[in-house]
Protein chains: 2
Amino acid sequence: MKISEVIYSLYKLAKVGAIDGVNISTNELGKLLGLSQQSASRRLIDLEALGYIYREIRGGKSYVIITEKGYNLLKKFYLDLRMIFEKDKNVLFRLRGRVFTGFGEGAYYTSLPGYKTQFVQKLGFEPYPGTLNLRLDLESIKMRKELELLDGIIIHGFEHNGRTYGSAKCFKALIENKIKGAILLIERTHYGIDVLEVVAPVNLRKSLKLKDGDWVTVTVLI
Amino acid sequence: MKISEVIYSLYKLAKVGAIDGVNISTNELGKLLGLSQQSASRRLIDLEALGYIYREIRGGKSYVIITEKGYNLLKKFYLDLRMIFEKDKNVLFRLRGRVFTGFGEGAYYTSLPGYKTQFVQKLGFEPYPGTLNLRLDLESIKMRKELELLDGIIIHGFEHNGRTYGSAKCFKALIENKIKGAILLIERTHYGIDVLEVVAPVNLRKSLKLKDGDWVTVTVLI
DNA sequence: ATTACTACACACCGAGTAA
DNA sequence: TTTACTCGGTGTGTAGTAA
């Protein structure tokens with residue numbers, strides 16, 4: 001059996017739920033694969049013999065579940081295709097969260113020369129003293145976790161008068177499709193992973209007329 | 001030629017750069033595909049005849065570039081796999097666009113019984129008569145193009161009094177993280193691809209206090 | 001070195017059919 | 001209804017070879 005047929009069959013099976021297990025007749029499968037009932041039956045037999053699926057008869061129909069071997073084969077294809085299609089695209093996340101008032105320390109940190117000079121040099125703007133705090137929605141928290149894994153712009157920590165100041169990872173971002181700024185993933189933050197801190201050259205609260213509870217969209221540019 | 005072979009061949013070709021164009025001998029391609037030189041040669045001839053690749057001889061070798069038809073086929077395969085593997089992330093895309101006033105025909109179409117009953121049945125709500133028109137930003141237009149390739153919820157066209165009404169593809173969506181509705185990709189629309197039409201059970205302009213030029217974020221859900 | 005034709009072999013598909 | 005066997009036709013791959 002050709003590898004292309006294995007992949008195509010696993011793909012069609014996965015599409016109807018065979019990763020978690022699916023009850024399907026060979027007739028139905030045949031239609032999905034563009035084959036006769038007889039050929040679909042043989043296809044299942046072959047896939048099972050090769051270890052790509054597990055199969056049994058349940059209620060007269062075939063119950064099919066893709067094995068780990070089959071899952072890994074299909075996933076490798078998926079990841080290859082992702083490389084192909086997402087390679088030279090500005091990978092983009094769009095996070096969304098509600099404004100809230102934080103501890104007010106953002107203003108202190110962003111005005112420290114040890115950080116400020118790095119911001120100017122690496123982000124191209126002098127940050128307005130203070131960060132905009134957003135409490136992210138569920139999907140944005142997932143995206144934030146992916147951002148943690150990515151290489152961003154590193155703002156290095158430093159030591160001053162015996163006190164250490166932690167480092168942060170930044171990504172350039174567009175706030176509300178209007179204002180260029182950056183998001184900060186701060187190493188040692190007092191906030192949880194559901195909080196995102198945003199900096200910009202201007203006072204975001206004022207410029208965008210924001211008040212606590214307002215939703216803000218941040219487009220991360222990579 | 002079987003579709004599975006077409007996809008597999010395009011995948012291997014894309015992997016070595018055939019989306020942008022690649023110089024490859026039939027011998028090399030044969031090795032990639034697990035075929036003889038002769039079969040690889042025939043494979044290229046067949047793919048070209050079917051319109052999936054463009055091909056010419058350059059410097060003694062075959063220069064191969066995947067056509068739009070081939071690209072779309074492979075991309076659909078990729079997006080399907082993404083749906084399969086990323087289904088636990090239930091956000092597909094986050095589109096963003098500015099409100100504008102359209103021709104006002106949305107109200108007419110959404111109130112037609114031929115469409116309305118399908119909306120209720122397939123989307124689970126009766127649409128407020130009228131659509132919200134959004135002019136998308138650049139990144140959202142790219143996302144919209146990807147949505148065109150995906151399987152969505154199909155609203156079928158129909159004929160009434162000798163006039164035909166086109167079909168549309170829908171995706172459930174969350175507008176401004178607040179209101180459940182759907183986006184419409186209309187088959188025969190008067191607008192360009194930079195326009196997205198949004199429906200919801202309520203008057204979105206009123207509920208979200210929107211006016212022309214306001215930015216709106218639409219989260220497309222699986 | 002290339003591509004790609006012709007000829008032939010065989011793997012694969014579907015019809016018929018059994019269970 | 002199912003699944004899945006046998007068997008015959010054919011699509012697809014390869015070898016040989018030309019250009």
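Quantities reported herein were computed from a predicted structural model and do not represent experimental measurements. We name chains A, B, ... by the order of the sequence lines, and we start the count at 1 in each one.
Read 5' to 3', the first and last nucleotides of DNA chain D with an atom closer than 4.0 Å to a heavy atom of chain B are D:dT12 to D:dG16.
Note on A:L44: nothing from the nucleic acid sits closer than 4.0 angstrom, heavy atoms only.
Atom CZ of B:R58 and atom P of C:dT3 are 14 Å apart (whole Å). Here C:dA4 presents its P atom at 13 Å from CG of B:L47, a figure rounded to the nearest Å. The separation between A:L35 atom CG and C:dC12 atom P is 12 Å, rounded to whole Å. Across the protein-nucleic acid pair, A:D46 atom CG and C:dG14 atom C1' stand 15 Å apart, rounded to whole Å. In this entry the distance linking CD of B:E28 with C1' of C:dT2 reads 11 Å, nearest Å. If you take CG of B:N23 and P of C:dT2, they are 11 Å apart, rounded to a whole angstrom. Atom-to-atom, CD of B:Q38 to P of C:dT2 comes out at 13 Å; the value is rounded to the nearest Å. Spacing between atom CD of B:E56 and atom P of C:dT2 amounts to 18 Å, rounded to whole angstrom units.
By the 6.0 Å and 45° rule, B:R163 stacks over the aromatic ring of B:Y165.
Toward the 5′ end of DNA chain D lies the nearest nucleotide of A:S41, the other residue of the pair A:K2 and A:S41 mapping further downstream.
Candidate nucleotides C:dC13, C:dT3, C:dA4 were compared by shortest atom distance to the side chain of B:I45, and C:dA4 ranks first.
Listed for the B:T110 side chain is a donor-acceptor partner under 3.5 Å among the backbone atoms of B:G106.
Between B:R55 and the phosphate of C:dA4, there is a side-chain N or O to OP1/OP2 separation shorter than 4.0 Å. Listed pair B:S62 / C:dT2 fails the phosphate criterion, with no side-chain N or O lying under 4.0 Å from OP1 or OP2. OP1 or OP2 of C:dC13 has at least one side-chain nitrogen or oxygen of A:R43 nearer than 4.0 Å. Between A:S39 and C:dG14 there is a side-chain N or O to OP1 or OP2 distance below 4.0 Å.
Counting non-hydrogen atoms of neighbouring residues, nucleotides and ligands closer than 6.0 angstrom, the NZ atom of B:K180 reaches no more than 12 such neighbours. The environment of A:K169 atom NZ is dense: over 12 non-hydrogen atoms of other residues, nucleotides or ligands sit within 6.0 angstrom. Counting non-hydrogen atoms of neighbouring residues, nucleotides and ligands closer than 6.0 angstrom, the CD atom of B:E68 reaches no more than 12 such neighbours.
Taking the six-membered ring wherever Trp is involved, the centroid distance between the rings of B:F158 and B:Y115 falls below 6.0 Å.
Remark: the A:Q37 side chain and the C:dG14 base include no donor-acceptor N/O pair separated by less than 3.5 Å.
Counting heavy atoms from C-beta outward, B:L73 and B:L10 have side chains that approach closer than 4.5 Å.
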